[in-house]
Colleague: 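Could you have a look at this structure, given as structure tokens, before my questions?
What you see below is based on every heavy atom in this structure, not just the backbone, and it leaves out hydrogens, waters and symmetry mates. As the structure is a computational prediction, the values presented were derived from the model and not from experiment. Every chain is numbered from 1, with letters handed out A, B, ... down the list of sequences.
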Number of protein chains: 2
Amino acid sequence: MAPDRATPTIHDVAAAAEVSPATVSRALSRPQLVAEATVQRVLLAAGKLGYSPSPQARWLHTGKSNALTLVLPDITNPFFFDLIRGAQHEAAGAGYTQVLVDTEESADQERDQLIAARNASDGAVLGGSRLPGAALGELAAKFPLVLVNRQARGVPSVVIDTLPALTEAVDLLFRLGHRRIGYLGGPESAWFEPRRWQAIRTAAVDHGMSCRRLGSQPPTRAAGEAAAAEVAVTEETAVITYNDLQALGLLHGLEELGVSVPDQVSIVGCDDIFGADLTKPALTTVSGAAEQAGELATRALVDRLRTGEAPRRVNQVVPAKLIIRNSTGPSSVARRG
Amino acid sequence: MAPDRATPTIHDVAAAAEVSPATVSRALSRPQLVAEATVQRVLLAAGKLGYSPSPQARWLHTGKSNALTLVLPDITNPFFFDLIRGAQHEAAGAGYTQVLVDTEESADQERDQLIAARNASDGAVLGGSRLPGAALGELAAKFPLVLVNRQARGVPSVVIDTLPALTEAVDLLFRLGHRRIGYLGGPESAWFEPRRWQAIRTAAVDHGMSCRRLGSQPPTRAAGEAAAAEVAVTEETAVITYNDLQALGLLHGLEELGVSVPDQVSIVGCDDIFGADLTKPALTTVSGAAEQAGELATRALVDRLRTGEAPRRVNQVVPAKLIIRNSTGPSSVARRG
DNA sequence: TTGAAAGCGCTAACAA
DNA sequence: TTGTTAGCGCTTTCAA
């Protein structure tokens, strides 16, 4: 019994089929260059041995790993689940393997991982980057990179355009009679944070509503829950949160405090993550097809790899829409302190 | 301007640091073999060039890719996200890269991917396998493999032991006065399906309760929702579902039909996925630390890789417990038809 | 402490 | 149509 342990190499197959390694290589990757009978012999031998060519050895020669890296700040966030799913699906469809990396919200880790990805894969999709734009530009100059929910000079990107829907949300609140609204902010390092705040404030001002930013909070359920105490006693009759995780936490926190949603306070989230339609009241939120964003970003990356260097700066935008559920209702200003 | 495109190699660093490539290699992987000053020089040069060693080239020599493959039947299921998270965390902690693969519930794809994983990575964690036990044994003989929520002869595994908690759930229902309960089955190909059904039925029989299996359904929200119509008109006063996705769907479906939970029907899920505590009523379910299972499986895999071939057959079990929330209540037999 | 050289599995000129 | 050969980036003897 020969040790079965070692993975068979091209040489084993060559020996078994009584041809040279080069012929095996050709039979497998460009069979039209090899006599039909030979191809069959090689295929048979390869099948018997359970041979499959090593991507690393191939990479060494071709420079292609047929792998894509997906770099995310925090796999914990359900918002990214959809992104992962979309990216995975598209990558697999294009014949690429997907490598998943979590940077734990650290810019340093992000940069290191991107550098490592450079020769572990053919390109990377980078979601929710914490890196400064200049760093992204540099990285992208050396390595095919597509950004999601972030833009940087000269780097292709896919952004879920939540801003118009957020404006719509403010319109909705206005129509419902709200005159004082709050915005529960996200992390300062998030590219979208100032943009969301600005879109909301602008819309509020346009309507002559007052709009207050309730600090900068982590994008978590816990942060939303913690904010409930403040929201319960303020004059705002409606709160828009940076994301759904916060909204869900806030919803729960308010319930614990005996504050009724939407009767006393209306809540609008953002992302439409799994579970946003499960709460009672179901969450009014901005739904943005994160899965599609993952697909588009991966497709853009694959296209770029296929067409060689195509450094066209393409910033794709996927639309988002306001999903009105039950966490928003008529202003309660009369009933509140 | 030299073409900045090409990834720097060990030779570039060697040239920049004015040492040989061998020294660079040593300075990076076994610095104690190199003079302190030289190490510094190499590190500096490497940093400047943004160098990072190619895992593939390294693999060629060492036979180690420092990558682990996580193979899952369906990334769509939130249950697997916890698994992914745990595995990812553990892999990263051990210095491994994580490759994520979705087999789309296909046994063929699963086998192919596992074969490909064989030389794309050092080992694989395989969750919710659809492959026959014999195939798993063969695969595992040639390639380090750890199973999650599945057992097969000679293959190490981590199983979330939901069975005792399911028995507990039946006990709970009994105490609440339920005498007729239903089990909404999962996919036939799922290893756990017959085991869950058996545990539930046995417990029910022990209590002298009637217990009926409501067919074999996909593990999805849609399936749960579709089952609502039947549940609404049957004599069962409580339903245990194969998983939370079904339970969530059922909950929603019953609500649509005007059937009150838990007043008219009690529901018990399984998995405690994200969102299970968000519904109203919040879902009573079996919580099994999928994240921990992912960690344990990955750790077992890493241990095995480190200790060389350690073919001890280890079947780890992570406990699960019944989380009693609000979807379970006193039997409504008096009030129902 | 460092360098030279061989070789890992595979592919692609080139030669036959 | 097939084989020979060289070399990809890196590690690791072996020698200096």
Colleague: Nearest whole angstrom, please: distance from the P of C:dT2 to the CD of B:Q32.
Modeller: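 Distance, rounded to whole Å: 13 Å.
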
Colleague: If you compare all heavy atoms of A:G50 against all heavy atoms of A:P8, which two are closest, and at what distance to 0.1 Å?
Modeller: O-CG, 3.9 Å

Colleague: Picking from C:dG7, C:dA5, D:dG9, which would you name as closest to the side chain of B:A22?
Modeller: C:dA5

Colleague: Within the 4.0 Å heavy-atom criterion, would you say A:V24 contacts the bases, only the backbone, or no part of the nucleic acid?
Modeller: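 The answer is nothing, as A:V24 stays clear of every strand by at least 4.0 Å.
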
Colleague: More 5' along DNA chain C: A:R26 or B:W59, using each one's nearest nucleotide?
Modeller: B:W59

Colleague: Let me know the distance between CD of B:Q56 and C1' of C:dT11, rounded to the nearest Å.
Modeller: 15 Å

Colleague: Can you tell which of D:dT12, D:dG9, D:dT1 lies closest to the side chain of A:T38?
Modeller: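 Closest nucleotide to the A:T38 side chain: D:dT1.
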
Colleague: Return yes if a side-chain donor-acceptor contact under 3.5 Å exists between B:S106 and B:T103, otherwise no.
Modeller: no

Colleague: Between A:D74 and A:F80, which heavy-atom pair has the shortest distance, and what is it?
Modeller: O-CD1, 3.2 Å

Colleague: Starting from P on C:dG3, measure out to CG on B:L33 and report it in whole angstrom.
Modeller: 14 Å

Colleague: Quickly work out the A:E18 CD to D:dT1 C1' distance and round it to whole Å.
Modeller: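 From A:E18 CD to D:dT1 C1': 17 Å.
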
Colleague: Which nucleotide, C:dG9, C:dC10, C:dA4, lies nearest any side-chain atom of A:P53?
Modeller: C:dC10

Colleague: Salt bridge or not for A:D303 and A:R306, using N-O below 4.0 Å?
Modeller: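 A salt bridge is absent here (no side-chain N lies under 4.0 Å from a carboxylate O).
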
Colleague: Choosing from C:dT11, C:dC8, C:dG9, which nucleotide comes nearest the side chain of A:A57?
Modeller: C:dG9

Colleague: For B:A35, report the nucleic acid contact type (base, sugar-phosphate, nothing); a contact means any heavy atom under 4.0 Å.
Modeller: sugar-phosphate

Colleague: The side chain of A:Y51 is closest to which nucleotide in this list: C:dC10, C:dA5, D:dT2?
Modeller: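 Ranking C:dC10, C:dA5, D:dT2 by closest atom to the A:Y51 side chain puts C:dC10 first.
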
Colleague: Could you please name the option among C:dA12, D:dT11, C:dG9 that lies closest to any side-chain atom of B:I10?
Modeller: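 So the side chain of B:I10 is nearest to D:dT11.
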
Colleague: Counting C-beta onward and ignoring hydrogens, is there a side-chain heavy-atom pair between B:I10 and B:Y51 closer than 4.5 Å?
Modeller: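 A side-chain contact exists here, since the closest heavy-atom pair is under 4.5 Å.
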
Colleague: How long is the line joining CZ of A:R58 and C1' of C:dC8, in whole Å?
Modeller: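 Result: 16 Å.
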
Colleague: So what does A:S20 hit on the nucleic acid, given a heavy-atom distance under 4.0 Å: a base, only sugar-phosphate, or nothing?
Modeller: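 Counting heavy atoms under 4.0 Å across all strands, the contact made by A:S20 includes a base.
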
Colleague: Out of C:dC10, D:dC10, C:dG3, which has the shortest distance to the side chain of A:H11?
Modeller: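 Minimum distance to the A:H11 side chain belongs to C:dC10.
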
Colleague: Have a look at B:S25 and say if it touches a base, only the backbone sugar-phosphate, or nothing, with a 4.0 Å heavy-atom cut-off.
Modeller: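 Base contact.
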
Colleague: State whether the distance check finds a donor on one side and an acceptor on the other, under 3.5 Å, for side chain B:H61 versus base C:dG7.
Modeller: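 Side chain to base: pair present.
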
Colleague: Side chain to side chain contact (heavy atoms under 4.5 Å, CB included), that's the test. Do A:W191 and A:L147 meet it? Break it down for me.
Modeller: CA-CA 11 Å; A:W191 184 81; A:L147 267 21; over 6 Å; no

Colleague: Tell me the interatomic distance from B:R30, atom CZ, to D:dC10, atom C1', rounded to whole angstroms.
Modeller: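 Taking CZ of B:R30 and C1' of D:dC10, I get 13 Å after rounding.
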
Colleague: For the pair made of CG in A:L28 and C1' in C:dC10, what is the distance, rounded to whole Å?
Modeller: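 These atoms are roughly 11 Å apart.
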
Colleague: Taking the side chain of B:T23 as its heavy atoms from C-beta onward, which of C:dG3, D:dG3, D:dG9 lies nearest to it?
Modeller: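 Looking only at heavy atoms from C-beta outward on B:T23, the closest nucleotide is C:dG3.
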
Colleague: Let me know the distance between CG of A:L60 and C1' of D:dG7, rounded to the nearest Å.
Modeller: 8 Å

